[in-house]
Structures are given as structure tokens and as C-alpha cells.
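Bear in mind the structure is a predicted one, so any value in this text is a computation, not a measurement. In the text below, chain A, chain B and the rest are named by the order of the sequence lines, each starting its count at 1.
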There are 2 protein chains.
Amino acid sequence: MLQLTKRTEYGLIALVHMVDRRGDFVSAREISERYHVPRRLLAEVLKDLARAEVVDSQRGATGGYALARPAEEVTVGEVVAALEGAPKLAGCETLEPSSAGGECDLEPSCPIRSPLQRIREGIWQQMQRTTLRSLVEPVFHITNLKRVDPESTLI
Amino acid sequence: MLQLTKRTEYGLIALVHMVDRRGDFVSAREISERYHVPRRLLAEVLKDLARAEVVDSQRGATGGYALARPAEEVTVGEVVAALEGAPKLAGCETLEPSSAGGECDLEPSCPIRSPLQRIREGIWQQMQRTTLRSLVEPVFHITNLKRVDPESTLI
DNA sequence: AGAAAGAGCACCGATCTGGTGCCAATTGAC
DNA sequence: GTCAATTGGCACCAGATCGGTGCTCTTTCT
């Protein structure tokens with residue numbers, strides 16, 4: 001439904017929380033209690049983020065999770081990709097265009113494949129331009145794009 | 001999964017097809033055979049587009065569907081909204097902010113509500129800027145936005 | 001009258017989503 | 001060494017969504 005999942009929402013909540021504690025390892029329990037999110041589900045999400053090397057994990061009594069990189073270098077797109085896969089806007093599309101070519105059985109009559117793909121890439125790039133830092137300090141990241149032709153249409 | 005549904009895909013295919021035949025009423029059967037799309041499902045989609053006044057419908061032997069407005073005035077966002085509802089990026093968000101205020105039970109501790117909402121609005125605005133015309137004549141709509149600060153982050 | 005088209009509604013199976021249970025492995029604190 | 005707290009891995013569940021279909025009714029042209 002063109003909607004981010006709870007997994008991504010919880011993941012972003014956790015990551016933003018970690019920004020404040022750079023260096024410290026925070027447990028899934030702490031985050032789940034702080035923001036009232038299901039602990040077990042959050043742990044599942046953080047595990048995936050650790051696998052994607054967005055966070056470092058540490059086991060044991062004082063273990064937990066910490067950002068693997070500075071908040072400026074972690075993008076929302078990366079988080080989304082790790083937690084729900086690269087977004088596809090239509091079934092016939094893949095983010096990395098398969099070298100084998102289209103197995104889309106609407107081809108070659110499908111008239112919207114390419115345009116839809118560009119919409120998806122616009123959304124995708126937008127998420128990849130949005131860093132974790134910008135989620136923490138919104139004023140730091142007001143759009144610096146300037147409209148050149150007011151009648152133009154993006155994408 | 002941040003993915004447009006088949007309904008939207010089929011709807012856009014049908015609409016793009018109608019652009020070529022402005023004024024003519026084309027039947028769901030014609031479109032379904034032309035693009036190998038399930039006829040009954042396509043009919044369901046076109047019915048919703050008619051209800052949203054994106055297309056006009058005409059019953060009877062020579063009936064069918066036609067664009068209710070010029071292709072320049074129909075946006076992808078409008079189509080998506082008609083076929084799968086306004087996109088929400090997280091469950092706690094609504095497109096039209098309810099005047100009653102947040103019933104989000106993560107509040108007020110949720111640190112990402114506002115940023116996520118801006119991401120969603122960015123995606124949403126992008127789809128609303130994309131017209132049906134731009135899907136038909138892609139060269140007409142290369143992005144006219146100019147990067148002012150290459151280090152900046154959108155949203 | 002008959003054929004062709006949309007309108008409405010109910011329904012189905014498959015998949016995805018949110019969430020939980022259980023247990024093993026790791027590690028610091030006592 | 002023991003214990004408690006933590007992550008890791010797997011399986012599982014109920015509900016929602018999604019893609020798709022069946023059937024009937026109404027409308028309209030021929």
C-alpha cells in the first residue's frame with residue numbers, strides 16, 4: 001500500500017535513539033520501554049540492522065546495539081532496504097536491473113514500465129538522500145533544491 | 001513494503017492507453033486483451049477510477065471508459081489515492097492531520113513522527129507532481145530542479 | 001430481442017504483517 | 001563458578017492485505 005512497515009518505523013526510532021548515545025551500547029529492552037514498542041519485534045529488527053552492518057551488536061549482560069557509522073553516513077534508504085527490501089513500485093521491476101532482461105510478461109506492450117520505474121527511483125533517491133542526522137536535526141536539512149521552472153514536472 | 005499495488009499498475013496502464021484515444025470510450029475488455037491484464041480485476045479498478053471522477057464511464061453495448069480530464073490535469077498521486085488510499089508511511093500518520101490531534105500511543109516520546117511524515121509528504125508531492133501526460137511523453141518532463149548545494153540533503 | 005458493456009457484491013487462496021515463544025550462545029557482575 | 005542479562009535463531013500464529021474470480025443486475029446500442 002505504499003507504506004513503510006512497523007519494522008522500519010521501529011528501526012528508525014531505535015536508530016534515532018542511538019544517535020544521542022553515540023558510542024554507548026543500548027539494549028533492545030531500554031528502547032522498547034522508552035518508546036513502548038514490542039521488545040521481541042524490536043530485537044528482530046535490530047538483528048537485521050546488525051546483519052546489514054548499520055549497527056554493531058554486542059552480546060552479554062551489558063550488551064546492546066550502537067551505530068556502526070556516524071549518523072551522517074546512514075541513510076533512510078539503507079534502513080528501509082535492510083528491513084523490507086529495496087522498494088519496488090510494480091512487480092515487474094527490480095532495483096538492480098537484471099542483466100538477463102525483463103521477465104515481465106506484459107512486455108513489450110506495457111506502456112508504463114519505464115515511467116513507473118522513474119517514479120520509484122525518485123522516491124528511492126529521496127530516501128537515500130535522507131540521512132539519520134537529518135532525522136535528528138531537521139533544521140539542518142531544509143531542502144536546498146531550488147525550483148527553476150515553476151511549471152515543470154518532477155520526474 | 002513501500003510498493004504500488006497491481007491495481008495501481010493496471011490503472012495507470014489503462015489511463016495511459018486512454019490518453020491515445022482522447023474522447024473515445026474504450027472498454028475494459030479492449031485494454032485487458034491489449035496488455036494481458038485480468039479483465040475482471042481491471043474492471044474493478046476502472047470502476048474505482050470512475051468513482052473518483054478520474055474517468056467517465058458509459059454503459060451499454062458501445063460503452064467503456066474515457067479520461068474525464070486532460071492528461072495534464074490527472075496526477076499519479078490522484079490515481080494512487082483513488083486505488084489504494086493516500087499513502088501512509090507509518091501507522092500513526094494520516095494525510096489529513098486529524099484536528100483532534102494524535103491518537104498515536106507512542107506520543108509524546110516518538111522521535112520520528114515528524115521526520116517520517118516529511119518523508120512521506122516528499123514522496124506524496126512527487127507523485128502529485130507527476131501527471132499522466134508525463135507518463136506518456138517522458139522527455140517532456142525531465143526534472144527541472146537544480147541542485148544548489150551538492151552536499152545538501154533533501155527533506 | 002439479443003449482445004455487449006459497466007455496477008455491485010461476495011468470495012477465495014496466497015502472501016505479508018505484526019507479534020510472540022522458546023531455547024541456545026555470549027558476556028559482564030557478583 | 002554462578003547467575004542474570006543480553007543477543008541470535010527459528011518456528012509459529014492471527015489478522016490484514018492482495019490478486020483474482022463468480023455471479024447477478026442494469027444499461028444501451030444494434
Do A/Gln128 and A/Thr75 have side-chain atoms, one donor and one acceptor, less than 3.5 Å apart?
no

Whole-Å gap separating P (D/dG8) and CZ (A/Arg51)
9 Å

Please pick, from C/dA5, C/dC9, D/dG8, the nucleotide with the shortest atom-to-atom distance to any side-chain atom of B/Lys47.
C/dC9

Map A/Ala50 and A/Ala61 onto DNA chain D by nearest heavy atom, then report which one ends up closer to the 5' terminus.
A/Ala61

Please determine, for the side chain of B/Leu41, which listed nucleotide (C/dT26, D/dG20, D/dT6) has the closest atom?
D/dG20

Whole-Å gap separating C1' (C/dG6) and CG (B/Asp56):
13 Å

Distance-only donor-acceptor check, side chains B/Glu72 and B/Thr131, under 3.5 Å
no

Nearest-neighbour nucleotide for the B/Ser27 side chain, D/dC29, C/dA5, D/dT27 considered
C/dA5

Within the structure, does a side-chain N or O atom of A/Arg39 lie under 4.0 Å from either OP1 or OP2 of D/dT6?
no

Could you tell me whether B/Glu44 contacts a base, only the sugar-phosphate backbone, or nothing, with contacts defined as non-hydrogen atoms closer than 4.0 Å?
base

Of the listed nucleotides D/dG8, C/dG19, C/dG18, the one nearest the side chain of A/Ser57
D/dG8

A/Thr62 side chain, from C-beta outward: closest of D/dT7, D/dT28, C/dG28
C/dG28

Could you check how far CZ of A/Arg7 sits from P of C/dG18, rounded to whole Å?
8 Å

Look up atom CG in A/Leu49 and atom OH in A/Tyr65, then write down how far apart they are to the nearest 0.5 Å.
9.0 Å

Nearest heavy-atom pair of A/Val74 and A/Glu78: which atoms, and what distance?
CA-OE1, 3.8 Å

Phosphate contact (D/dC18 OP1 or OP2) by B/Tyr10 side-chain N/O below 4.0 Å:
no

